[in-house]
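What you see below is based on every heavy atom in this structure, not just the backbone, and it leaves out hydrogens, waters and symmetry mates.
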Amino acid sequence: MAERVEVLIPEEEVNRRIHEIGEQISRDYEGKELHLICTLKGGVFFMCELAKHITVPVTMDFMCVSSYGDTTKSSGVVKITKDLDEPIMSRDVLVVEDIIDSGNTLSYMIEMLEERKPASLKLCTLLDKPERRRKQVHVDYTGFEIPDEFVVGYGLDYAQRYRNLPYVGVVKFE
């Protein structure tokens, strides 16, 4: 089955919104150090760009948590393939996600992180698909609310392809 990608959010809009979120986070964490936790692999593009626009000191760590595999729908089974390298106890933590879909993966991850007793724990996502939500998660910073379409680009993939697109696109199957 062949596919094509149609632009949903152009590169300029993505860049502008990331800048705005970075400014807001900088205001909210003024005088503090912020520990960013990125969910691999998709969140890396967003976190790196976002960090450039945050003016408070930041540290970073990575987790690999998945419920997709090589399909376009969440499997509902959450799998942690890489845990954090550093403890988060008593730190101000911001989880940086590429997309929130069903909420299954994030609710599991947030619950696990809360057990590690951070000083604060907030969530930032580039894309939010609220109509697909099965488990509610509180999102503190949202780039864009999008319709229930399978999207790629800016770190998001379809079978490991299209992550490097500088915009967010919708996959159309032919």
Side-chain angles (χ1 to χ4, degrees), residues 3-11 13-19 21-22 25 34-54 58-85 93-110 112-113 121-135 137-173:
E3 73 266 0
R4 61 185 164 72
V5 177
E6 294 178 359
V7 176
L8 177 65
I9 306 169
E11 180 178 6
E13 274 186 62
V14 173
N15 292 337
R16 178 189 51 76
R17 185 66 185 125
I18 291 171
H19 178 77
I21 295 169
I25 290 168
L34 183 59
H35 188 63
L36 304 178
I37 296 177
C38 173
T39 54
L40 297 172
K41 298 176 185 168
V44 127
F45 288 74
F46 176 44
M47 186 174 83
C48 288
E49 284 304 310
L50 180 63
K52 292 177 188 177
H53 299 286
I54 297 174
V58 298
T59 56
M60 298 178 182
D61 206 345
F62 301 88
M63 288 185 83
C64 194
V65 183
S66 177
S67 67
Y68 277 87
D70 285 345
T71 68
T72 62
K73 297 272 191 243
S74 174
S75 68
V77 177
V78 179
K79 185 169 71 171
I80 296 177
T81 57
K82 186 215 174 296
D83 204 344
L84 298 175
D85 293 330
V93 173
L94 181 64
V95 175
V96 180
E97 265 289 352
D98 52 357
I99 189 167
I100 301 175
D101 194 324
S102 69
N104 289 336
T105 303
L106 253 305
S107 66
Y108 176 83
M109 184 177 159
I110 295 294
M112 184 183 67
L113 292 174
L121 181 62
K122 291 189 176 183
L123 177 59
C124 177
T125 188
L126 179 61
L127 305 172
D128 190 6
K129 259 194 227 182
E131 63 188 84
R132 298 253 318 139
R133 200 77 85 245
R134 282 190 229 129
K135 289 208 175 170
V137 289
H138 176 75
V139 183
D140 300 280
Y141 307 97
T142 301
F144 301 93
E145 201 170 285
I146 62 169
D148 186 14
E149 303 258 17
F150 191 77
V151 291
V152 294
Y154 223 90
L156 295 134
D157 73 297
Y158 171 61
Q160 298 299 328
R161 294 190 320 263
Y162 305 116
R163 288 189 194 278
N164 61 319
L165 296 176
Y167 56 86
V168 176
V170 176
V171 175
K172 299 291 183 178
F173 297 95

Please report the C-alpha distance between Ile25 and Lys122 in whole Å, then the side-chain angles of each, then the deciding distance to 0.1 Å, and finally whether the side-chain contact (heavy atoms from CB on, under 4.5 Å) criterion is met. CA-CA 10 Å; Ile25 290 168; Lys122 291 189 176 183; over 6 Å; no
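- Inter-residue side-chain proximity for Ile99 and Ile146 is flagged as met; some heavy-atom pair is nearer than 4.5 Å.
- Side-chain contact between Val152 and Asp157: absent, with no pair of heavy atoms (C-beta onward) separated by less than 4.5 Å.
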Stepwise, does the side-chain contact (heavy atoms from CB on, under 4.5 Å) test hold for Leu126 with Ile21? CA-CA 9 Å; Leu126 179 61; Ile21 295 169; 5.6 Å; no
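- For Asn15, there are no side-chain hydrogen bond (donor to acceptor under 3.5 Å, both in side chains) partners, not counting sequence neighbours.
- No side-chain donor-acceptor contact under 3.5 Å links Arg133 to the backbone of Gly103.
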Side-chain polar contacts of residues 38-47 - donor-acceptor pairs under 3.5 angstrom, sequence neighbours left out - could you list them?
unit_1: Thr39; atom_1: OG1; unit_2: Glu97; atom_2: OE1; d: 3.1
unit_1: Thr39; atom_1: OG1; unit_2: Glu97; atom_2: OE2; d: 3.0

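- Here Phe150 contributes atom CZ and Glu3 contributes atom CD; the two are 10.0 Å apart, rounded to the nearest 0.5 Å.
- Tyr141 OH to Thr125 OG1: the interatomic distance, rounded to the nearest 0.5 Å, is 13.5 Å.
- Note: Leu94 CG to His35 NE2 = 10.5 Å, rounded to the nearest 0.5 Å.
- The aromatic ring centroids of Phe144 and Tyr154 lie 6.0 Å or more from each other.
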Quick one, Val5 with Tyr158, criterion side-chain contact (heavy atoms from CB on, under 4.5 Å). Give me CA distance, side-chain angles, the key distance, then yes/no. CA-CA 11 Å; Val5 177; Tyr158 171 61; over 6 Å; no
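- The minimum heavy-atom distance between Arg163 and Gln160, with the atom names listed, is NH2-OE1, 3.1 Å.
- Scanning all heavy atoms of the two residues, the minimum distance from Leu127 to Ile9 falls at CD2-CD1, 3.8 Å.
- Evaluation of the side-chain hydrogen bond (donor to acceptor under 3.5 Å, both in side chains) rule for Asp61 yields no partner, not counting sequence neighbours.
- Looking at residues two or more places apart in sequence or on another chain, you find no side-chain hydrogen bond (donor to acceptor under 3.5 Å, both in side chains) involving Tyr167.
- For the atom pair SG of Cys124 and CD1 of Ile37, the computed distance is 13.0 Å after rounding to the nearest 0.5 Å.
- Not counting sequence neighbours, the partners of Asp140 by the side-chain hydrogen bond (donor to acceptor under 3.5 Å, both in side chains) test are His138.
- Counting only distance, with no hydrogens or angles, the side chain of Arg17 and the backbone of Thr142 share a donor-acceptor pair below 3.5 Å.
- Under the salt bridge (charged side-chain N to carboxylate O under 4.0 Å, His left out) criterion, Lys82 pairs with Asp85, not counting sequence neighbours.
- Lys135 and Ser107 make their closest contact through CD-OG, 3.2 Å (heavy atoms, listed as atom of the first residue, atom of the second, distance).
- Here the straight-line distance linking atom OG1 of Thr105 with atom CD1 of Ile100 works out to 10.0 Å at 0.5 Å rounding.
- Here the closest heavy-atom approach between residue Pro147 and residue Glu131 is recorded as CA-OE1, 4.1 Å.
- Under the 4.0 Å criterion applied to side-chain N and carboxylate O atoms, Lys172 and Glu149 are assigned as salt-bridge partners.
- Inter-residue side-chain proximity for Met112 and Ile80 is flagged as met; some heavy-atom pair is nearer than 4.5 Å.
- A distance of 5.0 Å separates CG of Leu36 from CD1 of Ile54, quoted to the nearest 0.5 Å.
- For Leu156 against Val151, the heavy-atom pair with the smallest separation is CB-O, 3.8 Å.
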